[in-house]
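Reading through the structure tokens given below for one structure.
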Amino acid sequence: MLNSLVENIRTELAQRGTQARLARYMGLPRQHIHDFLKSNSRMPDAETTLRLFHWLLERRASRDPSI
């Protein structure tokens, strides 16, 4: 399920600056977001996974919480 979440978030990050906004929303360095979603060198904890899921749901509902 995490792989599916990651793939869906990657599609949302296509717009320039979105990854940086997501990192600010999450309170994490942008490099951690990159590690979670692109390089697969880091695994998010449960709280971070839920917040990523919430961010994705809000984006899909046209309510970007990171703005």
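Note that these values count all heavy atoms, side chains included, but never hydrogens, waters or copies made by symmetry. Note that the numbering runs from 1 along the sequence shown for the chain.
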Requested in this report: Measure the shortest side-chain to side-chain distance between L5 and M1 over non-hydrogen atoms and say whether it is less than 4.5 angstrom.
Outcome: no

Query - pair L2-P44: side-chain heavy atoms closer than 4.5 Å - result: yes

Requested in this report: Decide side-chain contact (heavy atoms from CB on, under 4.5 Å) for F36 and L28; before the verdict, give the C-alpha distance in whole Å, the side-chain angles of both, and the deciding distance to 0.1 Å.
Outcome: CA-CA 11 Å; F36 294 149; L28 298 170; 3.8 Å; yes

Query raised in the report: Is there a path from L52 to L50 through hydrophobic residues (I, L, V, M, F, W, Y) whose side chains come within less than 4.5 Å of each other?
Result: no

Query raised in the report: Going through the distances and angles, do M26 and H32 end up as a side-chain contact (heavy atoms from CB on, under 4.5 Å)?
Result: CA-CA 10 Å; M26 298 291 294; H32 285 210; over 6 Å; no

Requested in this report: State whether the number of non-hydrogen atoms from other residues, nucleotides or ligands found under 6.0 Å of R10 atom CZ is greater than 12.
Outcome: yes

Report task. Flag the pair K38 / I33 as yes when at least one side-chain heavy-atom distance between them is below 4.5 Å, and no otherwise. Result -> no

**Report entry** Heavy atoms of other groups near R16 CZ, more than 12 under 6.0 Å
**Finding:** no

Query raised in the report: Has Y25 got more than 12 heavy atoms of other residues, nucleotides or ligands less than 6.0 Å from its OH?
Result: yes

Query raised in the report: For the atom pair CD (E12) and CG (D64), what is the distance rounded to the nearest 0.5 Å?
Result: 8.5 Å

Query - From CG (L56) to CZ (R59), nearest 0.5 Å - result: 9.0 Å

Query raised in the report: Which distance, rounded to the nearest 0.5 Å, do you find between the CG of L13 and the OG1 of T11?
Result: 8.0 Å

Requested in this report: Carefully, step by step, assess H34 and S39 under the rule side-chain contact (heavy atoms from CB on, under 4.5 Å).
Outcome: CA-CA 7 Å; H34 175 81; S39 70; 4.2 Å; yes

**Report entry** Qualifying residues under side-chain hydrogen bond (donor to acceptor under 3.5 Å, both in side chains), relative to E58, sequence neighbours excluded
**Finding:** R63

Query raised in the report: Is it the case that one hydrophobic cluster holds both L22 and M43, taking links as side-chain heavy atoms less than 4.5 Å apart, direct or via other members?
Result: yes

